[in-house]
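I have a structure I would like to understand better, so I am pasting it below and will then ask my questions one at a time.
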Amino acid sequence: MRWSNSLSTRPSLEAAVKEVVEKSSESLGTKADLGLVFISSAFTSEYPRLMPLLKKHLPETITIGCGGGGIVGMNEQGKPQELEQKTAISLSLAHLPEVAVKAFHISAGQLPDLDSSPDRWCNLIGVPTVDKPQFIILADPFSAKINDLLQGLDYAYPHSPKVGGLASNGINGQNAGLFCENNLYQEGAVGVSLSGNIILETIVAQGCRPVGQPYRVTQGERNIVLELEELVSSNQIVSDGVKQSPLEALQNLVQNLDEKDRKLAENSLFVGIVRDEFKQNLEQGDFLIRNLIGVDPKAGAIAIGDQVRTGQRIQFHLRDAHTSAEDLEMLLQRYQRKVGFQSTATNNATALMFSCLGRGEVLYGKPNFDSSLFSSYLNIPISGFFCNGEIGPVGSSTFLHGYTSVFGICRQLS
């Protein structure tokens, strides 16, 4: 298995495509089975020409991609670069022996009902469950019904990792374009399944840290939390069983924060929902982070950006640049310990980075932060784009995130 990536900032589409193809092909040094292309909104009017140009150079390579408000790739010095709101094309090529590659486009109208059998979903993708596929998914933010798609794929392929993002161009929410083989799509989702001698591992950096105590939801309806029970730890209810309104819990939390965190809580307070109800000793990264939408002072209730149910554990979280950096570094260290990956340069693996438009220089005040931190731990080719929403797993389920950087690490299984 071999991977390569090249980044071009040439203003001419023909010149940019020629540059990334030549550099990536030369670095790969063999037949390319898969291509992943990410193109900036500066080329929006020329999107229809992209795939024919690529196919001219790479006629036998299965290729998917999308437009992005920012593009990630490797510069001429072999360092990762995040080009936000600039002219850029990033092309990754992969030689994948013993790997079956299947590209697909799915429109919202093709999605089976969520109570349909797994076979309906497998037939839609064209890959049986027994193949144990791993998915890269790129979707239009307005038409894909992405939550239904992810829920259906999790149902049909429960043990298959899924990463990706919602296409973006950063210009008034306009459609950014999806590319699959020789086609440009304006709706739905495109993707690729990889089956065989390959593993796709994920790092989902939501950029938050828990504050205060965890709670158990004792009353909730849809996305409204009506009553909470404080937990002494992640798995032990306090002996007196004290229950309180979410507003009371929130007020007590804010009162006990230091001045810096209290100020941060004014506009960067979130709710983390525990995804694995069987896990006792919770760690950072075990929570699905959701927006705190509003507070009802009369009822003492809070509304969050997800469905809640009785018995779920939740905890309030804070987010800022420092916390986001610490979160990503902690997850990288944990991953490196788990797989024994070294930071020495290699092209036998690659990383795909799907980062929120609200991260990057907007969050950190300097360029290339997430990709550079990643490369300090895993020195492999990296590519991707800045998204309108990021796709990645938390626990055993796949979710659409915000303000997150999702990394998918592809490497040989054996």
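When a residue number appears, it is its place in the shown sequence, counting from 1. All values reported here derive from a predicted model rather than from experimental measurement.
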Minimum heavy-atom distance Leu178-Ala167, with the two atoms named: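 Where Leu178 meets Ala167 most closely, the heavy atoms are CD2-CB, 4.0 Å.
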Ring centres under 6.0 angstrom apart (Phe374, Phe407):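 Aromatic pair counts; centres sit under 6.0 Å.
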Pair Thr323-Asp320, side-chain donor/acceptor within less than 3.5 Å: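 There is such a pair (donor and acceptor under 3.5 Å, judged by atom type) between the side chains of Thr323 and Asp320.
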NZ or CZ of Arg359 within 45° of Tyr364 ring axis and under 6.0 Å: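 Judged by the rule, Arg359 and Tyr364 form no cation-pi pair.
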Lys/Arg N to Asp/Glu carboxylate O, Lys338 vs Glu201, below 4.0 Å: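 Between Glu201 and Lys338 there is no salt bridge, as every charged N stays at least 4.0 Å from the carboxylate O atoms.
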Phe104 and Phe135 aromatic ring geometry - parallel, tilted or perpendicular at 30°/60° bounds: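 Judged by the thresholds at 30° and 60°, the geometry between Phe135 and Phe104 is perpendicular.
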Distance-only polar pair, side chains of Thr398 and Asp154, donor-acceptor under 3.5 Å: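 Checked: Thr398/Asp154 side chains pair up, N/O donor to acceptor below 3.5 Å.
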Asp140 backbone acceptor or donor facing Ser143 side chain under 3.5 Å: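 Not at all, since once roles are kept as given, no pair shorter than 3.5 Å links the two residues.
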Donor-acceptor side-chain pairing of Thr218 and Glu227 below 3.5 angstrom: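 The criterion, which ignores hydrogens and geometry beyond distance, is satisfied for Glu227 and Thr218.
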Donor-acceptor pair between Tyr215 and Glu229 side chains, under 3.5 angstrom: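 No pair is found: no donor N or O on one side chain lies under 3.5 Å from an acceptor on the other.
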Donor-acceptor contact below 3.5 Å, side chain Tyr157 vs main chain Val127: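 Such a contact is found between Tyr157 side chain and Val127 backbone.
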Residue pairs, two or more places apart or on separate chains, that pass side-chain hydrogen bond (donor to acceptor under 3.5 Å, both in side chains) and touch residues 16-31: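 Counting only pairs at least two positions apart or across chains, the side-chain hydrogen bond (donor to acceptor under 3.5 Å, both in side chains) contacts touching residues 16-31 are Ser8-Glu19, Arg10-Glu19, Lys18-Glu22, Glu19-Lys23, Lys23-Glu76, Lys31-Asp33.
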Under 3.5 Å: donor-acceptor pair, side chain of Arg262, backbone of Leu257: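 Present.
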Whether Asn291 side chain and Ile293 backbone form a donor-acceptor pair below 3.5 Å: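 Not at all, since once roles are kept as given, no pair shorter than 3.5 Å links the two residues.
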Test item: Asn183 side-chain N/O and Phe179 main-chain N/O as donor-acceptor pair under 3.5 Å: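 Pair absent, no side-chain N/O of Asn183 close to backbone of Phe179.
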Backbone of Ile304 reached by a side-chain donor or acceptor of Asn223 within 3.5 Å: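 A pair under 3.5 Å: yes.
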Nearest heavy-atom neighbours spanning Asp370 and Ser405: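 Looking at all heavy atoms of both residues, the shortest contact is OD2-OG, 2.7 Å.
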Donor + acceptor pair across side chains of Tyr403, Glu390 (<3.5 Å):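 No, because no side-chain N or O of Tyr403 sits under 3.5 Å from a partner of the opposite role on Glu390.
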Any side-chain donor near an acceptor of the partner, Asn368 and Ser371, under 3.5 Å: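 On atom types as modelled, these side chains do not qualify, holding no pair under 3.5 Å.
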Backbone N/O of Gly69 and side chain of Ser168: donor-acceptor pair under 3.5 Å: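 Yes: the side chain of Ser168 pairs with the backbone of Gly69.
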N-O pairing of Glu181 and Lys55 below 4.0 Å: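 Result for this pair is yes, salt bridge flagged.
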Non-hydrogen atoms of Leu7 and Ala88 that approach each other most closely: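 Residues Leu7 and Ala88, closest heavy atoms: CD1-CB, 4.4 Å.
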Geometric class of the His105/Tyr185 ring pair [parallel <30°, tilted 30-60°, perpendicular >60°]: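 Rings of Tyr185 and His105: parallel, as their planes differ by under 30°.
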Ser92 and Ser383: side chain donor to acceptor below 3.5 Å: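 Judged by distance alone, the side chains do pair up.
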Sidechain-backbone polar pair: Asp113 side chain, Ser116 backbone, donor-acceptor under 3.5 Å: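 No, the answer is negative, given that no donor and acceptor are paired below the 3.5 Å cut-off.
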